[in-house]
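These notes concern the structure reproduced below.
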2 protein chains.
Amino acid sequence: MIAKTKRCTLNDIAELSGVSKTTVSMVLNGRADEFRIKEETRQKILQIAEKNHYRANIYAKALQAQRTNTIGLVIPDFSNFGFAQTSQMLERLCRNHGLQLLISCSDEEPHLEAKAIENLLERQIDILITTPVCQKRKHYPYLNTIPTIQLDRFIADAPQIPYIITDDKSAVAAMVAQMINKYQLKEFYYLGGLLQLTPSEARLQGFKCGLQQAGLALQNDWISHRDYHSESGYIMMQQLLQRLGRLPQAIFVASYGLLVGVLRFLNEHQLLDQLSSQQLHLATFDDYELLNCLPFKIHSIRQDHEKIANALFQAILSLLEQKPIANQIIPAHLCWRD
Amino acid sequence: MIAKTKRCTLNDIAELSGVSKTTVSMVLNGRADEFRIKEETRQKILQIAEKNHYRANIYAKALQAQRTNTIGLVIPDFSNFGFAQTSQMLERLCRNHGLQLLISCSDEEPHLEAKAIENLLERQIDILITTPVCQKRKHYPYLNTIPTIQLDRFIADAPQIPYIITDDKSAVAAMVAQMINKYQLKEFYYLGGLLQLTPSEARLQGFKCGLQQAGLALQNDWISHRDYHSESGYIMMQQLLQRLGRLPQAIFVASYGLLVGVLRFLNEHQLLDQLSSQQLHLATFDDYELLNCLPFKIHSIRQDHEKIANALFQAILSLLEQKPIANQIIPAHLCWRD
DNA sequence: TTGTAAGCGTTATCAA
DNA sequence: TTGATAACGCTTACAA
């Protein structure tokens, strides 16, 4: 808005058409039939509204309807391809249904997350979708205040808050077990991210499961954990190599970010050709198109962001109708590159 | 909001404190001094508001203030790292200043763009930031209605609408010229995206400039153009190879998406080692961390998304104060990998 | 078939 | 130092 030619309101249209606000409101909301507005009046109003580019003021609407048709979404990171995909699809779905998605970013920082959520609550969002940064319910005092859906992760001690996540565990287990069999692996290392996040936990569990399924006994020093920055991938790879004094037979990396660090390390130490010659078998969680463009094969696990977005949207619709929703665990796809 | 325990309003706080709405409003807006509200009253109100988790209804506020403190942003693609970065930083800046950024996505489709913008206008955004998909002003009839900033591209026949873009031309020219000198190039091919977009045009101009600066005469068949999908990179590379019957000496690729296609082609045809052995020199617009992890060197150009976001934000502030703003052309950085 | 009036939660103006 | 009231633009009982 901001100064400039004043917007045209319901009242303006009413005056121009020589009828009352009520009539205009009914016609413009497609309830002309319901109230048996004369065809002639109807046409006139429609025409005048059209000509004047009338657009209802949603703030007035929200105020009187006591509902904003607005959904808040807090993700850790825009530049994370997966969250970007999910957000993009969800935004489209919402928009097509007259809902406005407000996207914010926590940067994995508790205080930024708190600020983002506080801001969304101020904006009277009808529903909150969040990827919680903290693990305890006590960090989220507003939880009873607003219908909430957890995305990608969940708070351990809030069983009544529904979540929509990827089935990390099954996917990792399947991939790990199959790799062991296929390559006759005698050892398998694991580089993971922040263990307190539920997906990290699930991926690690999947890894252990996979070993078990394939009958390979887990050794203590196979598992490393740090955070999800690519730098951590670099460091873990470096430490692993120092410890072993040689390249391991196989490594599962828990995220693409970590993989980038691992690759950078291997590249800087001229070890990438060990990958090409299959001396080292690499697999990663997350899938990127670039993995198809490398002179070595890295298997990957692709989350189904479309399904996730759809599930989120269905959940939104249910909540808006006050219906309860169930947790959803969306399968992931194994991408084999041979 | 959606049913649940009714939110607490100004009125509620007023009744609880035994004063009028006016007083509460003044205190809660930090204007207690201005109106010389008694310290005692002040404290009581603050306390009661605090205890009841009072949050002002911004819809009521917007309605009465005739201004929404809301900024609309339409980008082509969330999953594009650059746009994601810019959006993320801009969102943070806006939020920290009490502005709400509404992010939408056009998918490079004119009709989706139109819908997204229409939706934002309905939401009474104060300012629109857009990456226009179409080239003619006539596709954007609302342009006089709302203060607008163009991001990354601009419409040719709308010189009065300010834009903020990267200095593609200079960066490409510098990189191309330096590569020619460094590698003693006798030929240089160019794979570009949709020519009607202003950045494509600028990058191509930069390429031509670079040749000229280095004294290399442009040949007709050096330049190919398609859209920005990775598939196009693949196809252009394929056609180039067919045409030449050999690998060229050097190629500049106009975007990371195209580069992915090019690499996929080279990989599928076992040509990547030509890259490692510097038989083929590759450079690309856009910079990704993964380029540091490859067993071959690809030079790149990094846009300064932080500067762009900051420039956008400054422009927003100016426009909100009704001040005019100037076009901005932000320098890019050359990332050499040797 | 259409109009009147109240009310949604704020803020601003003016009065007390 | 504080309060009453109108207004923002819209929807919806209820009235005509």
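Here is how names work: the chains are called A, B, and so on, in the same order as the sequence lines, proteins then strands, and each is numbered from 1. Excluded from the calculations below are hydrogen atoms, water molecules and symmetry mates; all remaining heavy atoms, backbone and side chain alike, are included.
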For Leu16(A), which residues count as a side chain to side chain contact (heavy atoms under 4.5 Å, CB included) partner, sequence neighbours excluded?
Ile48(A), Asn52(A)
Rounded distance (Å) that lies between atom [atom2] of [N] and atom [atom1] of [X]:
X: Leu10(A); N: dC8(C); atom1: CG; atom2: P; result: 19 Å
X: Leu63(B); N: dG7(C); atom1: CG; atom2: P; result: 17 Å
X: Glu122(A); N: dG9(C); atom1: CD; atom2: P; result: 16 Å
X: Ile13(A); N: dC10(D); atom1: CD1; atom2: P; result: 9 Å
X: Asn29(B); N: dA12(C); atom1: CG; atom2: P; result: 8 Å
X: Gln124(A); N: dG9(C); atom1: CD; atom2: C1'; result: 9 Å
X: Asn11(B); N: dA4(D); atom1: CG; atom2: C1'; result: 12 Å
X: Gln64(B); N: dG7(C); atom1: CD; atom2: C1'; result: 16 Å

Enumerate the residues from residues 30-55 of chain A whose closest heavy atom to DNA chain D is under 4.0 Å, giving them by residue number; use none for an empty result.
Arg31(A), Tyr54(A)
Shortest side-chain distance from [X], nucleotide among [options]:
X: Asn57(A); options: dG9(D), dT4(C), dT11(C); result: dG9(D)
X: Ser20(A); options: dT12(D), dT4(C), dC8(D); result: dT4(C)
X: Ser25(A); options: dT11(D), dT2(D), dC8(D); result: dT11(D)
X: Gln66(A); options: dT12(D), dG9(C), dG3(C); result: dG9(C)

For Thr68(A) versus Ala62(A), what's the shortest heavy-atom pair and its separation?
CA-CB, 4.2 Å
side-chain contact (heavy atoms from CB on, under 4.5 Å) evaluation trace for Leu90(A) with Ile316(A)
CA-CA 10 Å; Leu90(A) 188 60; Ile316(A) 289 173; 4.1 Å; yes
Should the pair Phe313(A) and His97(A) be assigned to parallel (<30°), tilted (30 to 60°) or perpendicular (>60°) ring geometry?
tilted
Under 3.5 Å side-chain donor-acceptor pair for Gln47(B) and Gln43(B)
no
Checking Asn96(A) against Lys115(B): is there a side-chain donor and acceptor pair closer than 3.5 Å?
yes
Per the atom types in the model, does the base of dT10(C) pair as donor or acceptor with the side chain of Lys21(B) at under 3.5 Å?
yes
Does the base of dT11(C) carry an N or O that pairs as donor and acceptor with the side chain of Thr22(B) under 3.5 Å?
no
Only residue of Ile125(B), Leu120(B), Leu151(B), Leu102(B) satisfying side chain to side chain contact (heavy atoms under 4.5 Å, CB included) with Leu73(B) is Leu151(B)
Pick the nucleotide of DNA chain D nearest each of Met26(B) and Ala60(B); which residue has the one closer to the 5' end?
Met26(B)
